Amino acid sequence: MRSASLSRLQGLFAVYKPPGLKWKHLRDTVELQLLKGLNAGKPPAPEQRVRFLLGAVEGSEEKELTLTATSVPSLTKHPLVCGPAFTHFKVGVGHRLDAQASGVLVLGVGRGCRLLTDMYNAHLTKDYTVRGLLGKATDDFCEDGRLVEKTTYDHVTREKLDRILAVIQGSHQKALVMYSNLDLKTQEAYEMAVRGLIRPMTKSPMLITGIRCLHFAPPEFLVEVQCMHETQKELRKLVHEIGLELKTTAVCSQVRRTRDGVFTLDSALLRTQWDLHSIQDAIQTATPWVAAELEKSLSPGLDTKQLPSPGWSWDSQVPSSGEGC
């Protein structure tokens with residue numbers, strides 16, 4: 001029973017991290033729930049041992065004693081004797097979220113801890129929704145930080161914001177090609193661009209592969225950002241820089257990760273689902289998705305039937321590296 005439970009705890013799964021919760025506390029909570037589930041399983045049947053018990057001889061009028069061979073259970077491995085079977089279970093954490101951010105957080109157990117390294121090396125993109133507030137600036141770019149400046153924002157329009165976002169995306173796409181160390185004149189670079197597989201070869205600054213405005217109702221605006229190698233602080237600083245480009249100021253009021261590689265909000269387990277059986281089911285569901293994505297990103301098999309016509313040029317927009325995830 002317990003060996004079967006352990007065999008299903010080999011892989012990756014995602015949980016939803018609420019704001020205000022540190023990722024270390026979340027990991028420890030998940031580990032505790034897994035240990036409770038594993039130790040709650042039915043223990044194996046105790047081993048039988050032969051013991052010689054002293055007893056009276058049957059049918060004898062005199063009080064004669066004899067030794068009788070009897071099979072009795074061995075209690076040396078009973079939980080009440082040696083304690084719970086599982087006292088530690090390693091849970092790995094993927095791309096982390098700071099305490100103020102929320103959203104999809106990928107965890108790994110068993111062989112999944114090695115898969116976390118593969119996901120890191122694949123340089124997969126992640127999606128965020130970032131909420132901004134026009135008209136003020138703080139020392140840490142957060143809405144609840146120390147106020148350092150207040151400005152007007154009546155001149156800001158949706159069209160101006162869209163133009164700024166387009167410029168940001170264009171500059172980051174050029175940086176993505178530069179950090180990928182690809183020769184743009186080669187067939188390999190052409191095919192990787194077509195498949196949306198251009199990735200930086202090493203660690204790089206935050207690279208934005210896509211950014212657009214989802215909602216604009218001054219002073220609030222909501223931006224969707226597709227990026228890699230980011231930190232949540234850099235995303236908050238991005239809101240500040242957008243405000244400066246709009247000739248005003250802006251602070252970030254929310255950072256929410258909606259996708260990490262193949263994991264989305266729909267596949268993330270809520271707090272009430274952080275139990276053994278829900279995690280096992282989530283791992284089994286995600287295993288083929290993870291394998292397919294890693295195979296495509298780490299060892300892309302190019303299919304010439306999916307390539308566009310020869311008239312395609314590098315001047316065309318590079319496909320988003322998150323397409324098809």
Side-chain angles (χ1 to χ4, degrees), residues 2-41 83-129 142 203 206 227-236 254-287 289-291 293-294 325:
R2 292 179 176 177
S3 61
S5 296
L6 280 176
S7 64
R8 298 185 63 201
L9 281 177
Q10 302 289 332
L12 302 177
F13 65 99
V15 298
Y16 183 85
K17 191 193 88 65
L21 180 65
K22 295 182 178 180
W23 66 265
K24 289 184 179 180
H25 182 69
L26 185 151
R27 180 196 60 189
D28 293 344
T29 302
V30 170
E31 179 182 348
L32 179 61
Q33 293 301 316
L34 289 176
L35 290 175
K36 285 183 178 180
L38 290 172
N39 290 320
F86 300 94
T87 59
H88 176 70
F89 196 81
K90 184 178 180 180
V91 178
V93 182
H95 300 112
R96 298 169 183 173
L97 289 170
D98 61 28
Q100 296 170 308
S102 63
V104 178
L105 182 66
V106 179
L107 303 177
V109 291
R111 291 190 297 270
C113 294
R114 294 195 298 270
L115 291 176
L116 289 173
T117 302
D118 294 335
M119 286 189 62
Y120 179 84
N121 293 333
H123 304 284
L124 302 179
T125 59
K126 297 174 283 296
D127 288 356
Y128 290 84
T129 55
C142 295
K203 183 65 178 177
M206 179 177 70
C227 55
M228 61 181 72
H229 298 174
E230 80 294 338
T231 64
Q232 288 76 59
K233 184 176 181 179
E234 288 176 317
L235 291 172
R236 297 185 183 100
Q254 182 189 54
V255 175
R256 186 186 190 208
R257 183 190 288 163
T258 59
R259 182 182 63 84
D260 186 350
V262 298
F263 295 95
T264 63
L265 289 174
D266 293 334
S267 59
L269 300 178
L270 301 177
R271 176 64 182 85
T272 55
Q273 299 173 306
W274 297 353
D275 58 80
L276 177 63
H277 297 296
S278 297
I279 291 174
Q280 287 174 331
D281 293 341
I283 290 174
Q284 299 303 312
T285 301
T287 296
W289 304 344
V290 174
E293 181 64 25
L294 291 179
C325 293

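If you're wondering where the values come from, they're calculated on a predicted model, not measured in any experiment.
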How long is the gap from [atom1] on [X] to [atom2] on [Y], to the nearest 0.5 Å?
X: L34; Y: N39; atom1: CG; atom2: CG; result: 11.0 Å
X: C142; Y: Q100; atom1: SG; atom2: CD; result: 4.0 Å
X: D127; Y: T258; atom1: CG; atom2: OG1; result: 4.5 Å
X: H229; Y: H123; atom1: NE2; atom2: NE2; result: 4.5 Å
X: Q254; Y: R236; atom1: CD; atom2: CZ; result: 10.5 Å
X: L276; Y: D281; atom1: CG; atom2: CG; result: 9.5 Å

pair [X]-[Y]: side-chain heavy atoms closer than 4.5 Å:
X: L107; Y: L12; result: no
X: L294; Y: M119; result: yes
X: F89; Y: Q33; result: no

Mind listing the closest non-hydrogen atom pair of [X] and [Y] along with its distance?
X: S102; Y: P18; result: CB-C, 4.0 Å
X: C227; Y: L235; result: SG-CD2, 4.3 Å
X: L9; Y: Q280; result: CD2-CG, 3.9 Å
X: G103; Y: R256; result: CA-CG, 4.4 Å
X: K17; Y: A101; result: NZ-O, 2.7 Å
X: I283; Y: T287; result: O-OG1, 2.7 Å

Could you please spell out the steps behind the side chain to side chain contact (heavy atoms under 4.5 Å, CB included) verdict for V104 and K126?
CA-CA 10 Å; V104 178; K126 297 174 283 296; over 6 Å; no

Output yes when a side-chain donor or acceptor of [X] lies under 3.5 Å from a complementary backbone atom of [Y], and no otherwise.
X: R259; Y: T125; value: yes
X: R257; Y: R96; value: yes
X: D275; Y: S278; value: yes
X: W289; Y: F263; value: no
X: Q10; Y: R111; value: yes
X: K36; Y: A40; value: no
X: Q232; Y: D98; value: yes

Worked check of side chain to side chain contact (heavy atoms under 4.5 Å, CB included) between V15 and R271:
CA-CA 8 Å; V15 298; R271 176 64 182 85; over 6 Å; no

Pairing donors with acceptors under 3.5 angstrom, does anything connect the side chains of Y16 and Q273?
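Their side chains do not contain a donor-acceptor pair, so the 3.5 Å distance test is not met.
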
Output, in order, the C-alpha distance, side-chain angles, deciding distance and verdict of side chain to side chain contact (heavy atoms under 4.5 Å, CB included) for L105 and R27.
CA-CA 10 Å; L105 182 66; R27 180 196 60 189; over 6 Å; no

Using side chain to side chain contact (heavy atoms under 4.5 Å, CB included), reason through V30 and W274 one step at a time and then give a plain yes or no.
CA-CA 6 Å; V30 170; W274 297 353; 4.1 Å; yes

